[in-house]
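Encoded as structure tokens, the structure appears first; notes follow it.
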Amino acid sequence: MAGTFTVFNIGTSHTRAEPNNTIACLYNDCTGDKFINDGAGTGGNFVSNGLGVAQGLSMDPRCRAAVDAILRARPGVVNLVGHSRGAVMCHMIANDLATLTDPAARAIQQVNLILLDPVNMSVHTQRGGKLRGGVKLGYYVSIVMENVNGMSRMTFPSMTVKPLGPRYLESMIWLHMPGTHGSGTQPLTSAIGRATLKTIQWHLEQWGTRFMKSTPTAGDLCEAYASIHLENEVSYDKKGLVKARMIDDDPKGMSTSQNNKNVTAAWQKVGRVKDIAANYERMNKAGNHVENLRDSPYFFNTFHLSAFKAQFPGIFALSANYGQKDYGRDVIDREIREIETRYPKTEATMKKLGML
């Protein structure tokens, strides 16, 4: 049976040599057939300077190199993961595979994508902005960072990175994540980065990619997301909604601890609120699976909610008031003891928000 091939695409001006880069960390930990592209503007013959970097001109040879590696491996499943323009590169690879007549390309049974804050700021609006009709799409997950300010509507991910045909919508899921455009790429110094890495790893493993590190359990994911509450202080508006969040960022991608001088902390406004709401509403009308937890005090996205529900179904049913099954007091007490003895970050955040 044909196997799984995974392509990792790093964002502009960043490389696999950075220790604090989610895409590089996932690539290094991956044990199966794989390929990695450094970001546009880096690396030997693929370098393009000045305006070329701004336009993403070096993305073409990188895309071709990834496609060639896939064809040589002759997989049945192709998984694509990338950040920023590296996420747009995933679209380019998927589109190119869909147009090839090579037997190896036609033998591919499924293409899955998980994209971290895809931004289509390049000359590849047509090649990488939309999925072509021939892509054998299995699953599509796009993680959108919510604390980015100053991004125009033209470059907002779900405005430009979208399916060409409505038949793909049922396979596409958008998840929002707190943080700036680079926060999710920094797993060594940021709780946001660690939660993002575990979210991506979990999805890739569902699609056949294998890693040296064990698959994150539902409890692991709950702890990772709880860490965001502990590390990133928030301020609220008059309506009690999150107005700004303290974000730690490592712009050079070389930090290895929170005390490293490359990491800077600053208040970041939740700058995409209107765009996020408008796009989710638009996609919801199209029948898409969309994020509906924008103002939740505890759950950052539906994936976080699903992990909590899987690990603590009794507490979730008690607190959600969604007409869930009544698990009984004994189940709830057992889950509370489990939180208090095995999940300290979840316990701390639930107590902090008055949930426990």
Side-chain angles (χ1 to χ4, degrees), residues 4-11 14 16 18-37 39 66 77-91 93-94 110-119 137-146 157-158 161 171-218 220-225 227-228 250 253 289 291 300-307:
T4 300
F5 193 97
T6 309
V7 178
F8 301 82
N9 297 308
I10 296 177
H14 293 274
R16 72 195 77 181
E18 297 172 11
N20 193 16
N21 185 289
T22 291
I23 307 302
C25 289
L26 287 165
Y27 170 78
N28 290 331
D29 196 45
C30 178
T31 59
D33 290 338
K34 60 185 179 180
F35 184 87
I36 188 169
N37 272 314
V77 175
V78 175
N79 293 334
L80 304 172
V81 57
H83 169 243
S84 192
R85 280 195 199 148
V88 173
M89 177 81 73
C90 295
H91 274 219
I93 294 168
Q110 183 170 299
V111 176
N112 305 301
L113 297 87
I114 182 161
L115 313 179
L116 175 55
D117 220 22
V119 174
L137 183 65
Y139 298 95
Y140 183 110
V141 179
S142 182
I143 301 171
V144 179
M145 308 305 293
E146 68 177 19
S158 53
V161 181
S171 299
M172 303 180 78
I173 300 172
W174 271 257
L175 302 173
H176 75 258
M177 182 76 75
T180 68
H181 187 57
S183 300
T185 67
Q186 301 163 18
L188 300 182
T189 57
S190 167
I192 296 170
R194 290 190 292 277
T196 301
L197 185 147
K198 290 180 184 296
T199 298
I200 294 174
Q201 180 187 344
W202 187 91
H203 282 89
L204 287 174
E205 293 208 86
Q206 302 306 302
W207 307 334
T209 302
R210 295 293 173 256
F211 296 92
M212 289 182 283
K213 293 186 177 67
S214 59
T215 306
T217 66
D220 295 334
L221 293 164
C222 289
E223 284 289 273
Y225 277 93
S227 294
I228 299 175
D250 167 26
H289 296 286
E291 181 59 66
F300 290 103
N301 51 50
T302 50
F303 181 71
H304 179 203
L305 182 149
S306 296

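- Remark: side-chain polar atoms of H304 are paired, donor with acceptor, to backbone N or O of F300 under 3.5 angstrom.
- More than 12 heavy atoms of other shown residues, nucleotides or ligands fall within 6.0 angstrom of atom CZ in F211.
- A ring-centre distance under 6.0 Å is found for Y140 and W174.
- When each of N28, V81, I200 is tested with F8 by the rule side chain to side chain contact (heavy atoms under 4.5 Å, CB included), just one qualifies, namely V81.
- Scanning all heavy atoms of the two residues, the minimum distance from H181 to S84 falls at NE2-OG, 2.8 Å.
- For the atom pair S142 OG and I114 CD1, the distance stands at 9.0 Å (nearest 0.5 Å).
- Annotation: the span from K198 atom NZ to H203 atom NE2 amounts to 14.5 Å, rounded to 0.5 Å.
- A 4.5 Å side-chain heavy-atom check between D220 and T217 finds at least one atom pair inside the cut-off.
- Heavy atoms only, all atoms of each residue included: C25 and P19 are closest at SG-O, 3.4 Å.
- Taking CD of E205 as the start and OG1 of T215 as the end, the distance is 3.0 Å to the nearest 0.5 Å.
- A donor-acceptor pair under 3.5 Å is absent between the side-chain atoms of Q110 and the main chain of N79, judged by distance alone.
- Just one of T6, N112, T4 meets the side-chain hydrogen bond (donor to acceptor under 3.5 Å, both in side chains) condition when paired with T209; it is T6.
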(request) Starting from the C-alpha separation in whole Å, work towards a yes-or-no answer on side-chain hydrogen bond (donor to acceptor under 3.5 Å, both in side chains) for T189 and N20. (result) CA-CA 7 Å; T189 57; N20 193 16; 2.9 Å; yes
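- Remark: D29 engages K213 in a salt bridge (charged side-chain N to carboxylate O under 4.0 Å, His left out) (not counting sequence neighbours).
- A heavy-atom distance below 4.5 Å is not found between the side chains of H83 and T22.
- Interatomic distance, CG of L197 versus CD of Q186, reported as 12.5 Å (0.5 Å rounding).
- Within the 4.5 Å cutoff, no side-chain heavy atoms of M177 are placed close to those of E146.
- Taking CG of L26 as the reference point, atom CD1 of I23 lies at 6.0 Å (rounded to 0.5 Å).
- Among L115, L116, I93, V88, the single residue meeting the side chain to side chain contact (heavy atoms under 4.5 Å, CB included) criterion with N9 is I93.
- Separation of atoms CG (L113) and NE2 (H91) is listed at 5.5 Å; rounding is to 0.5 Å.
- For the 3.5 Å distance criterion, the side chains of T180 and S183 qualify, holding a donor opposite an acceptor.
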